[in-house]
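Here's the structure we're looking at; comments come further down.
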Amino acid sequence: MKKIEAIIKPAKLEAIKDALAEAGIEGMTVSEVKGYGKQQGHQEVYRGVSYQVEFVPKVKIEIVVSNEEFLKQAIEIIKDKAHTDKVGDGKIFVLDVLKTIRIRTGEEDTEAL
Amino acid sequence: MKKIEAIIKPAKLEAIKDALAEAGIEGMTVSEVKGYGKQQGHQEVYRGVSYQVEFVPKVKIEIVVSNEEFLKQAIEIIKDKAHTDKVGDGKIFVLDVLKTIRIRTGEEDTEAL
Amino acid sequence: MKKIEAIIKPAKLEAIKDALAEAGIEGMTVSEVKGYGKQQGHQEVYRGVSYQVEFVPKVKIEIVVSNEEFLKQAIEIIKDKAHTDKVGDGKIFVLDVLKTIRIRTGEEDTEAL
Amino acid sequence: MLDTGNTAWMLVATAFVMLMTPAGLALFYGGMTKRKNVLNTMGMSFVAFAIGTLVWVIAGYSIAFGEGDFIGTGKIMLNGITDKTLSGSIPELLFVAFQGTFAAIAVAIASGSMIERVKFSTFCIFSALWILVVYAPITHWAWGGGETLNFGEMDFAGGTVVHINAGVAGLVAALILGKRAKADAGVKPFSPILAVLGAVLLWFGWFGFNAGSQLASDGVASNAFLITNVAAAAGAIAWLLAENIMYKTPTLIGGASGAVAGLVAITPAAGSAGVDGAMIIGLVGGFVGFISVNKLKNLFKVDDSLDAFWVHGTVGIWGSIATAIFIAPYLMADDYNMGSQLVSQIQAILLTIVYSAVGTAIVFYIASFLGGGARVSEDDESEGLDESTHGENAINL
Amino acid sequence: MLDTGNTAWMLVATAFVMLMTPAGLALFYGGMTKRKNVLNTMGMSFVAFAIGTLVWVIAGYSIAFGEGDFIGTGKIMLNGITDKTLSGSIPELLFVAFQGTFAAIAVAIASGSMIERVKFSTFCIFSALWILVVYAPITHWAWGGGETLNFGEMDFAGGTVVHINAGVAGLVAALILGKRAKADAGVKPFSPILAVLGAVLLWFGWFGFNAGSQLASDGVASNAFLITNVAAAAGAIAWLLAENIMYKTPTLIGGASGAVAGLVAITPAAGSAGVDGAMIIGLVGGFVGFISVNKLKNLFKVDDSLDAFWVHGTVGIWGSIATAIFIAPYLMADDYNMGSQLVSQIQAILLTIVYSAVGTAIVFYIASFLGGGARVSEDDESEGLDESTHGENAINL
Amino acid sequence: MLDTGNTAWMLVATAFVMLMTPAGLALFYGGMTKRKNVLNTMGMSFVAFAIGTLVWVIAGYSIAFGEGDFIGTGKIMLNGITDKTLSGSIPELLFVAFQGTFAAIAVAIASGSMIERVKFSTFCIFSALWILVVYAPITHWAWGGGETLNFGEMDFAGGTVVHINAGVAGLVAALILGKRAKADAGVKPFSPILAVLGAVLLWFGWFGFNAGSQLASDGVASNAFLITNVAAAAGAIAWLLAENIMYKTPTLIGGASGAVAGLVAITPAAGSAGVDGAMIIGLVGGFVGFISVNKLKNLFKVDDSLDAFWVHGTVGIWGSIATAIFIAPYLMADDYNMGSQLVSQIQAILLTIVYSAVGTAIVFYIASFLGGGARVSEDDESEGLDESTHGENAINL
Ligand SMILES: Nc1ncnc2c1ncn2[C@@H]1O[C@H](COP(=O)(O)OP(=O)(O)O)[C@@H](O)[C@H]1O
Ligand SMILES: Nc1ncnc2c1ncn2[C@@H]1O[C@H](COP(=O)(O)OP(=O)(O)O)[C@@H](O)[C@H]1O
Ligand SMILES: Nc1ncnc2c1ncn2[C@@H]1O[C@H](COP(=O)(O)OP(=O)(O)O)[C@@H](O)[C@H]1O
């Protein structure tokens, strides 16, 4: 099993979720994060003092998938939907998952997803 | 070392924390997330317009444990306490951890936990 | 590629970010979490009722690095900057990352970082 | 002769009505908006009050309360009015201030139909023009000395002049603007706390609105005060009960909306109804509002975002008709004729609907032209107007 | 004869007191509640005002201010009152409205003891019954012409009638309800911002409450206004100092609570104390409140969630006794006898405590029966009443 | 003779001005602060009002309005004043209360310069001393009967006495305090919602401030009311336009600040300007505020955190000068001489600046000494004063 962690622009979440659901990938966990990277935040002026906002609001999506097939599909969908060609589109990381359990039933691994 | 990532119902956090502490597992990191899965969210009506709330508030618990013993125990406790038999109880994922450092002392791995 | 997950005191974030940036590590993702550990929270009194606040606000930093060199450097910086010698300074975990993709360009792994 | 008691009351009543727009309505609307548009929504009420205030003293008051049949003239920049000029027993300058707060709230009510997409600059221009072209003439006919277009309607505090007028204006503007990108996806309102606080400030300010419309601190004003309170309470209870029956969840936004509906309903009747009439007017008002927002609205395809028409419009019509029906014996003229009064009410309602609809449409097109378009870009809409228009964030945690 | 100045003041005073319940108390209590129960808590104050308003004009006013010794009668639905009927120099309809806001706030204060667990429907029924069965009779004896049960106590603005009464009612209701599931676990209050804003609105409204109780805009009202302000300030300072000494952290919720305590303390004395007396009454009031909430409370096992009794009850008793002690020379009757006045005060306090306790218990059981239970289910309590009762969320970020 | 109408108005006006400090200013300032210092910032306004109220009746009023040339005496603890003593046509006790709210808001305005670092205890002591040593004497010279230091300046409602005075005091305190640790890093204001609500409550209260300064409900008060509203609206529009031109983003905090600037500007002129003058005074006032905050400020190295000087100081100076220039014909004395009046205005401005600067510096050093230091520790500053000083959190989600 693999886990995808994608850092994306908040506005893209819904499109990704819908596309994943259509492809049969129906589980994910989402959280709000702040990103720091090449996208340098922006200059703001507040009461005459200007300053740099360095952290940019992002959304992190975590998806655990049971096989390579789903992994590839999910990555493709995210790449496709999160893409705007502008700096700050985000990153996809893939990690290994040793075990998965569905709390409700106790099912494990592939059945749990 | 292994890392447990459990996605649970927010109301279950306290019971799990207490049970883990009793079992001697006294470190964890908790964050608020939104989940999407079989639990389909719910229909809401607001000013006469009804719509689907698809993301459900969940809590993510991260626990790094130093050995299989603790891993098993922690999983059992979470399964037991987070369980309501209703859809949306959540999932437990296990990942591998290569290294742990306690910032305060510089201790590493097992001693750091 | 490795992923660093560091749980730190919120006040230390800026110093760490600045030091990492200086060292050429310019990507990271930050989120607000609550920690439970040896640092036992604190006693609070509210309207004459005293109680224990067990979860302490922490910040989680996630940094994916492409090689051991950066990994070591990043860990040293975090240890150095997050250090206060008081309980609750936090932990650093290192995990393995199988793959990285930059959404904007489709670049993979080392180039994506 | 100036009466210090009446003047004291009117100073306060004016301040109360002032509070309704940049605080009451701003919070009521702001709390019901999506998080990313809270400030823009509040900003529209705020700026409507600022612009309305200026436009009113410059020319609005002259059009509404100057001499003339179809339109008033002669009081541009309050020409000829000094601190000694009286309106009845209060200084005319105070009457100017009092009436100005009505103009401002009318256009702010209409802003509720346009939120989450209208261009801020366009709305600013719209506010100024609308008060001059739509609000001031209607006021002139009802209260300002217009004869030909005054049908003898009873409109004590602005049921027709303010509420039906503003509701129709909102609906027309929403129609021209088009729907929000995700109008059907539903909204999580930012915070019912703000919406309730806003509604309560509206309720509070409405004492100035209704009891102030007597322009004196006397028995009729006291009656207006009491029945305003009763109708608001009845409206809130009616809406909560309806929600409880239909959805099993009485909501705070429902209670707040019901209070507003009760207040809208009693507005034209505040000078004539008794406490029993007020109870009926308020209860039915709350119920009409509930049905309008939860049922009627869905029969139409107009994205009246915060239901300006479905509360102020429909309930305003109910209130205006009810005014002719529920009159306290001690406030009824000896020769009162309900039939002919009902005809007057309906004539005034129809005139207001037609004039407001046409006038608003014209004014809205002009404002869009001058403001560089009616709507913000799709990107700005999806990012939220707080960030894209104002560069601000409702709350920085 | 109607006095326009007095009437102007009473119109405003009534609006001020109105604001105290659905805004002041709603925010004060809402801000101190757990995040998941904020709306429900605010909703109770809101609905208490709406229900109280209706019940008051229907029958409450008649019981409180109708003719009769033990109970008033004859003014159901304000029977016989017109816009020309006067109460002293103001319209009686205005007096009705003014007094109605007192009834509403009393039951809303009591809601603070029941939050986070009481069923909303049960509380609604309770509100209506309590005003009729408990509040209106006590008012009748103190202010409404009851003779047998009037002991000649000094209670200018409702120290006994409103505050002790409401505090006792809250305590009894909390006792019957039982503790919240995690009553001892402590609470992070949702937002001190709201609590402070609420307390300030209470302070503001209290000018209407206390200075309005003179029913005229004169020297006594001005004295009442000034000393109300002084006592509130003194109460706030006393509580902050006590916190600073005991915990090293002067809190905003402490300052807000202290101001409320000072206001409660001065209420019965607002018509008779001078500025020096007010300072003492306020300082001690703040201190009594602090000790009650931080020490006395823990000797009892009743989960009076927001300390309605420990502020309004205990401090109310202090205020009532202090009223007989601290009288400004220029407001003291020539034949004033402190000893016999103290006896009167204590008699009135005891009567209020006993009647309120018994009456509240009976009414609460009836309400629970009619409302289908006193408490929400354990699951609903743990989920939070905002979501489970209202389907709403205090803030959607 | 007591006039009930005037007294009614002044009761209300006093309540209005009261609301400005612990609600209006507390929210306006609190909303613009960093999240971790919101409560501390609000707490300073709250406690300034409480302390100011007590200090005022104890000795401040005596210094300001007692007999004497350089300083007043004889009214310690309101000695000799009863409910029957009049100030013109209203009770003197009411005049005491009204003027006390001015003292409190002045020191609360100055708190805006010190936030995010000043010690709470030090600020408390400072408030008390500053009112006695700086505010009360300046008031005595301008309004209280002082002769030698009264230059015949026109200051209807406190442009010099309150605003320039408070602005200078803030600047001096900020200078002595030193910069915040990250003063140049910019701030995300906690919530523009609170800032706007606060500004609107200031606007609302300012009706009491300006129209109340007439101490009567008459034509001049009505004129003051109307032009206060006009100037606030004009100030808001001016600031929004300037922002739009310079940054392309008209902000809500800008609109709110502009309204406050307009209000500051019209304050001294509220008794003499007409509607046209008010429009100019307000527009220029908004613009002066904008330029001060966005340009002038950066020429200096003082960390006046919330720009107390750059709004109240600079705009106050503009208003004071404008007062001599823009006078309504119907309010102008027959022998009015603009030249000599301008000299008077400038003399009063300079006196205020010098005395306030010196007095504030002395008082601030004394307060720092008594309070155990001027600033909190670096750690406490970086943790935020809400947690470190009060042990509270603005919002617990
Ligand atoms: N090395 C990294 N480790 C963890 N998160 C990263 C890393 N680099 C970037 N990110 C996350 O990805 C987001 C986008 O990265 P950025 O460099 O701004 O743009 P891009 O991906 O288009 O090059 C960042 O805001 C951050 O949240
Ligand atoms: N494949 C997945 N990857 C990551 N998180 C998941 C995945 N599937 C489910 N989750 C998380 O687990 C939660 C519960 O899952 P759900 O399918 O609703 O119910 P159940 O676990 O009872 O089958 C979801 O809300 C989501 O946060
Ligand atoms: N086993 C663990 N798994 C995950 N997070 C942990 C673990 N132990 C500690 N943490 C996180 O690290 C933080 C600091 O740990 P704590 O035990 O309080 O102090 P210290 O690291 O100084 O010993 C905790 O608040 C928690 O967020």
What pair of heavy atoms forms the shortest contact from L226(E) to A97(F), and how long is it?
CD1-CB, 3.6 Å
Checking T21(F) against chain E: side chain, backbone, both or neither under 4.5 Å from a heavy atom?
neither
Is F16(F) close to chain E through its backbone or its side chain, or both, or neither, when contacts mean heavy atoms under 4.5 Å?
both
Out of L94(F), D3(F), L19(F), which one racks up the most heavy-atom pairs below 4.5 Å with chain E?
L19(F)
Heavy-atom distances under 4.5 Å only: say whether I81(F) touches chain E with side chain, backbone, both or neither.
backbone
I need the minimum non-hydrogen distance between A23(F) and L197(E), along with the two atoms involved.
CB-CD1, 4.2 Å
Residue I253(E) versus chain F: region with a heavy atom under 4.5 Å
both
Any chance CZ of F120(F) has more than 12 other-residue heavy atoms, nucleotides or ligands included, within less than 6.0 Å?
yes
Of the backbone (N, CA, C, O) and the side chain (C-beta and beyond), which part of M18(F) lies under 4.5 Å from a heavy atom of chain E, both, or neither?
side chain
Please report the interatomic distance CG(L241(E)) to SG(C124(F)), rounded to the nearest 0.5 Å.
8.5 Å
Which atoms of V12(E) approach chain F - backbone, side chain, both or neither, heavy atom under 4.5 Å:
side chain
Cut-off 4.5 Å, heavy atoms of chain F, and the answer for F225(E) is side chain
For V196(E) and F46(F), work out which heavy atoms get closest and say how close.
CG1-CD1, 4.3 Å
Given heavy-atom pairs under 4.5 angstrom as the criterion, report whether the side chain, backbone, both or neither of N229(E) touches chain F.
both
S222(E) side, atom OG; E92(F) side, atom CD - distance, nearest 0.5 Å
11.0 Å
Got L397(F) and R35(E) here, is their nearest side-chain heavy-atom distance under 4.5 Å?
yes
Leading residue by heavy atom contact count with chain F [cutoff under 4.5 Å; candidates A233(E), S89(E), G5(E), S217(E)]:
S217(E)
Side chains of F190(F) and I193(E), heavy atoms from C-beta outward: is any pair under 4.5 Å?
yes
Given T249(E) and H390(F), is the side-chain contact (heavy atoms from CB on, under 4.5 Å) satisfied, shown in steps?
CA-CA 5 Å; T249(E) 49; H390(F) 307 288; 5.6 Å; no
Any idea which of V200(E), L252(E), N244(E) has the most non-hydrogen atom pairs under 4.5 angstrom with chain F?
L252(E)
Heavy-atom pairs under 4.5 Å with chain F: which of A8(E), A394(E), G255(E) has the most?
G255(E)
When the 4.5 angstrom heavy-atom criterion is applied to L39(F) and chain E, the contacting part is both
For I395(E), is it the side chain, the backbone, both or neither that has a heavy atom under 4.5 Å from a heavy atom of chain F?
side chain
Using a 4.5 angstrom heavy-atom cutoff, name the option from D386(F), L86(F), V57(F), N6(F) with the most pairs to chain E.
V57(F)
Region of N393(F) in contact with chain E, defined by heavy-atom distances below 4.5 Å
backbone
Under 4.5 Å from a heavy atom of chain F, the part of A232(E) involved
neither
D218(E) and T7(F) have their tightest heavy-atom pair at N-CG2, 4.1 Å
Of G31(E), P189(E), A259(E), A13(E), the largest count of non-hydrogen pairs under 4.5 angstrom with chain F goes to P189(E)
Can you tell which of V47(F), T101(F), T14(F), V96(F) has the highest number of heavy-atom pairs within less than 4.5 Å of chain E?
T14(F)
Measuring heavy-atom distances to chain F, does A234(E) have an atom under 4.5 Å in its side chain, in its backbone, in both, or in neither?
both
Where V275(E) and M77(F) come nearest, the two heavy atoms and their spacing:
CG1-O, 3.9 Å
Honestly, the part of L2(F) sitting under 4.5 Å from a heavy atom of chain E is side chain
To the closest 0.5 Å, what do you measure between OG1 (T53(F)) and CE (M279(E))?
9.5 Å
Interface moiety of L194(F) toward chain E, non-hydrogen atoms closer than 4.5 Å
side chain
How far does CG of D83(F) sit from CD of Q214(E), to the nearest 0.5 angstrom?
9.0 Å
G30(F), A50(F), S121(F): which one forms the most heavy-atom pairs within less than 4.5 Å of chain E?
A50(F)
Looking only at L11(E), N223(E), T251(E), D276(E), most heavy-atom pairs under 4.5 Å shared with chain F are made by T251(E)
